Each structure stands twice: as structure tokens, then as C-alpha cells.
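Notes follow the structure.
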Number of protein chains: 2
Amino acid sequence: MAVRTERLQDVDAPSRPMRADALRNHQKILAAAEEIFALDGVAVPIDIVAERAGVGVGTLYRHFPTKESLYEAIVTTRIAGLLGQADEFIDDSASDPGAALAAFLREFARQASEKQDLFEALEQTGVDIKSRFSERIEELVEKIDVLRRRAAHAGAIRRDVETSDIMNLISGTCHAAGHSGVDEAGFQRLVGIVLSGLQPAK
Amino acid sequence: MAVRTERLQDVDAPSRPMRADALRNHQKILAAAEEIFALDGVAVPIDIVAERAGVGVGTLYRHFPTKESLYEAIVTTRIAGLLGQADEFIDDSASDPGAALAAFLREFARQASEKQDLFEALEQTGVDIKSRFSERIEELVEKIDVLRRRAAHAGAIRRDVETSDIMNLISGTCHAAGHSGVDEAGFQRLVGIVLSGLQPAK
DNA sequence: ATATTTCCGGAACCTAGGTTCCGTTTAGTA
DNA sequence: TACTAAACGGAACCTAGGTTCCGGAAATAT
């Protein structure tokens, strides 16, 4: 779940602590959005989210001025989680680079496949710069790039693939898998194919 | 281009041949839609298509009772083209099965990547059955399945991949490539990765 | 307990895009 | 050329979904 609660009023505005009910609603909204966006994607009407949170739309808009801002809050949290996991793989210098990359990508794909919102965000990588979490995605790309370079250096994957290729393959696969309703097993098979495609030609 | 012109009135309705201007408009609409859908995808407002065709919306709706019906007409034509090409690869018993599959998939992917509408249609494979061209896609899957089986039998690709896997990988890749604006070269690289991922483990 | 201030809820508003309607135009025909 | 039926065009309509507004509740401060 991992929800941000602190600092809900603007910086340097020591006015007053947020009212108790307001805080409660804020979290209810985040929780509801997390659940519903994951299941149905961002296309879900905002009213549904409000209803699920047991709150009026007006209240929802008081906390998040825009549907996109709510979406952004959720996705940013999700990506933050991935960033943490990426770091673990990067720091674990024990395992071999090829395995580290593969393991991370599998995890990455697994999450993207079960959180509609996440992959909907990913598949926009490089499109409209307007979305504010694009810099989070940049960070993610950086980290994957580290793993990719190491794997390439170790000869575990081709040298001519770029990190953006990897992103495209994974997010594309997630997309297709999501839309045609394959099960977890089938999904991992797809990722497996992509991973073996990344290996150097024999 | 390849546009259907015949039989625009219902079957067994020998009433009268279509008026000349009507026929002309019909084709202008199809041509405009083909161009615009390919470029901008199905999401483009219907008014734009009408404008591009130099026709009022009313006229457009006289020829195609629904936006979806227009879309369907375009996509059906596109898929028909692919079916033809698939047959060529199937009939050409000279070339080796692995190469035939790869060549067809490359061509398939190339077309999907340059026709937004096509891949938007493909990525719905298996979702809503309502779209009437779903049976065309079935046909396509059948043909790809022939190529796949032969390639598998010849040992050119793994035996554990299903045709739906291939469809998912290709259409997913098209999707991602389309959304992140890679060039033709980058795109073929992605397809290449997928293709080599399909090969048996060394 | 009362005043003050924040917050709540949901009706109302606005926009975009698909679809329909109908007065006008034009092709086909005698 | 005049008549009729088919086709045209685009204003108007309808719906869905995001966003705003404001009178009424509810917390917190005094």
C-alpha cells in the first residue's frame, strides 16, 4: 500500500495541521484509487473512485485538483517501489549481471501486468512530456541502463540493444498480455521469449 | 488503396444503381478514412474525416451508419491484404519454414507499425467479441498458425510457443514502438529481438 | 458552549465527440 | 426543361465524463 501522508499543505505554510477528517479522506481516496486504477486502468470515471472511497466528488477534487494529479500520485508511488527494487539488484554485486537484469525485468513485468495504471503510464514513455512522472520514469530507465550495461559487458546480452528497446519490449508485451487476458503463466512465457531474444546470437 | 465499391445497397435489392455523386463520395470517404486512421488512429473525431473527404458529417453517416462501421471497413480491407500475403508465404513451399515465418512476421509488423488503425485493431484480439472483424483476425491467426507449425516442425522455433504468443509479442511491440516513436530501423531491431527469442534454446 | 474556519457532498456546468434531422441541392429521367 | 427521388450538409441534439460551486456539516479554537 505505502501511502504518503505527510506534507499535504504547501511547503513553508505553517498555518495549521490538516483536519482529522480531511486526512482520513485523503487516505481513503488514495487507497480507493490505487485499487481501482490497478484493476480498471486510468479510464475509470472519477465518480467511481469517489464512490469507492465513500466520498463525494467535490471532496475528491479538494484533495486532488485534477484527475491526472491523482493518477500521478498513484503511479509515482508505484514507480518509487520499482526504483527501490532496482537498487537492490544493482547493489547486489554477488549475483551475475545477466541474471540480475533478467530477474529485475521479470519483476518489473510482473508488476506492470497486474497494475493497469502502471503499464498505461509506461507505454507513454517518450510521448507527451506533460505528465509529471516522466522524470520518475527517466530515473527508472537510468537504473535499468546500469543493469543492462553490466549484462552486456558480461556478455549475457547483445551489445546492440538499447535500454529503450528493452523498455519497449517489456511494456509492449505487458500491454498485449493485459489486453488479451493471458494468465500469469502465459505472461511469464512471453517475458521469457523476450529475455532469450536479448541474448547474443549463438 | 484497394477499395470495395460494389454492392453498396443491400443484397437482393435490385432497386436502382447508386447515384454517381454518392459513389464518388463513398470513395472519397474511404480514401480519407484510410489515410487519417493510418496516421492518427481510430481516436480521430469523425468530423475530421468528413472534412478531409470534403463532405459533410451527414453524408458520411449516410454511407457508414456508425463510426465503427467505417473503421471496420478500413481494417477489414487491411487484414484482407495481410491474408493474401500470408497465403503467398504458405504456398511458397520452396523456402524454408523458419524463414517464411520470419519474413511474414516482419512484413506483418511493418504494416502494423505504419497503420495505427491496424495495430489498434490487433491489440484487441481476444477482448470484445463485438467488433465484427474479429473473425478476420481469426483467419489471420489460422494462417500464422500454419506457418508456425511448419517452423516448429522444422526446428526453427521453439515448440512451446503458441500462435497467440506470437500475436501478442508482435502487436505489443508494434504498440510500444508506435507510442514511443521509434524509427523504422529501431522497429526492425525490436522485431528481430522477438524473432530470435522464438528460436529454440541453443 | 459558541464562534470560526475548514471541509464535505453532490447538483450543476462545460466540453468533446458521436449521431440525428430536415430543409436544400442535384442527378437521373421523361 | 421540368419533375421526382436520392443525396447533401451542417446545425442541433445527446451522452459521458471532468470540473466547479456553494449551502450545509463538522472540527477546532476560545
Side-chain angles (χ1 to χ4, degrees), chain A residues 5 7-10 13-33 36-37 40-74 116-117 120 128 130-132, chain B residues 5 7-10 13-33 36-37 40-74 116-117 120 128 130-132:
Chain A
T5 68
R7 226 213 327 76
L8 293 171
Q9 50 233 331
D10 270 62
S15 47
R16 218 182 295 197
M18 187 180 239
R19 236 170 71 173
D21 57 347
L23 194 77
R24 216 178 312 131
N25 282 331
H26 191 88
Q27 326 226 78
K28 283 199 290 181
I29 292 169
L30 276 175
I36 295 191
F37 282 164
D40 302 337
V42 214
V44 69
I46 207 76
D47 316 34
I48 303 292
V49 178
E51 188 184 11
R52 176 63 152 272
V55 147
V57 262
T59 302
L60 191 155
Y61 273 94
R62 163 170 290 269
H63 289 274
F64 298 91
T66 261
K67 185 186 182 182
E68 195 184 306
S69 69
L70 175 54
Y71 176 53
E72 187 188 315
I74 301 296
Q116 290 277 329
D117 49 15
E120 284 175 11
D128 37 77
K130 72 178 179 222
S131 51
R132 209 148 326 111
Chain B
T5 67
R7 228 212 330 73
L8 294 169
Q9 49 235 329
D10 270 63
S15 46
R16 218 181 293 197
M18 189 180 237
R19 237 170 68 171
D21 55 348
L23 195 76
R24 217 178 311 131
N25 282 331
H26 192 87
Q27 326 226 81
K28 284 199 292 182
I29 292 170
L30 277 173
I36 294 191
F37 282 164
D40 302 338
V42 216
V44 69
I46 206 77
D47 316 31
I48 304 291
V49 177
E51 188 183 13
R52 176 62 153 272
V55 146
V57 261
T59 301
L60 192 154
Y61 273 94
R62 164 170 289 270
H63 289 273
F64 299 91
T66 262
K67 186 186 181 182
E68 196 183 307
S69 71
L70 175 55
Y71 176 52
E72 186 188 315
I74 301 297
Q116 291 275 330
D117 48 15
E120 284 175 10
D128 36 78
K130 71 180 179 222
S131 50
R132 209 147 325 113

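Being a predicted model, the structure only gives us computed values, none of them experimental. Naming: A, B, ... by sequence-line order, numbering from 1 per chain.
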Report task. For the pair H26(A) and F64(A), name the ring-plane relationship: parallel under 30°, tilted 30 to 60°, perpendicular over 60°. Result -> parallel
Report task. Give the nucleotide from the list dG28(C), dT28(D), dG18(C) with an atom nearest to the side chain of P45(B). Result -> dG18(C)
Report task. Find the distance R24(B):CZ to dT25(C):C1' and express it as a whole number of Å. Result -> 13 Å
Query raised in the report: When you check the phosphate oxygens OP1 and OP2 of dC8(C), does a side-chain N or O of N25(A) lie under 4.0 Å from one of them?
Result: yes
**Report entry** Whole-Å gap separating C1' (dG18(C)) and CD1 (I46(B))
**Finding:** 8 Å
Query - Atom pair NZ (K28(A)) and CG (L30(A)), whose distance is rounded to the nearest 0.5 Å - result: 12.5 Å
Report task. Look at H63(B) and dC8(D) and indicate whether a side-chain polar atom (N or O) is within less than 4.0 Å of OP1 or OP2. Result -> yes
Query - Whole-Å gap separating P (dA11(D)) and CD (E51(B)) - result: 13 Å
**Report entry** Below 4.0 Å: OP1/OP2 of dA7(D) and any side-chain N or O of T59(B)
**Finding:** no
Report summary line: Heavy atoms of V55(A) and L60(A) approach each other most closely as CG1-N, 3.9 Å
Report summary line: To the nearest 0.5 Å, atom CZ of R24(B) lies from atom CE of M18(B) at 12.0 Å
Requested in this report: Indicate whether OP1 or OP2 belonging to dG18(D) is found under 4.0 Å from a side-chain N or O atom of T66(A).
Outcome: no
Query - Check: R19(A) side chain, dA27(D) base, donor-acceptor under 3.5 Å - result: no
**Report entry** From dG18(C), dC8(C), dG9(D), nucleotide with atom closest to A22(A) side chain
**Finding:** dC8(C)
**Report entry** Atom pair distance, as rounded to whole Å: CE in M18(A) and C1' in dT5(C)
**Finding:** 14 Å
Report task. Grab the CD1-C1' distance between I29(A) and dC8(C) for me, whole Å please. Result -> 11 Å
Requested in this report: Return the value, rounded to whole Å, for the distance between atom CG of L60(B) and atom C1' of dA7(D).
Outcome: 13 Å
Requested in this report: Find the distance L70(B):CG to dG17(C):P and express it as a whole number of Å.
Outcome: 17 Å
**Report entry** Gap separating the CD atom of Q116(A) from the CD1 atom of I36(A), nearest 0.5 angstrom
**Finding:** 13.0 Å
Report summary line: Nearest-nucleotide check on DNA chain D, V44(A) vs R62(A); residue mapping nearer the 5' end is V44(A)
Query raised in the report: dG18(D), dT19(C), dG9(C): which one has an atom nearest the side-chain heavy atoms of Y61(B)?
Result: dT19(C)
Requested in this report: Provide, to the nearest angstrom, the distance between the CG atom belonging to D21(B) and the C1' atom belonging to dT24(C).
Outcome: 14 Å
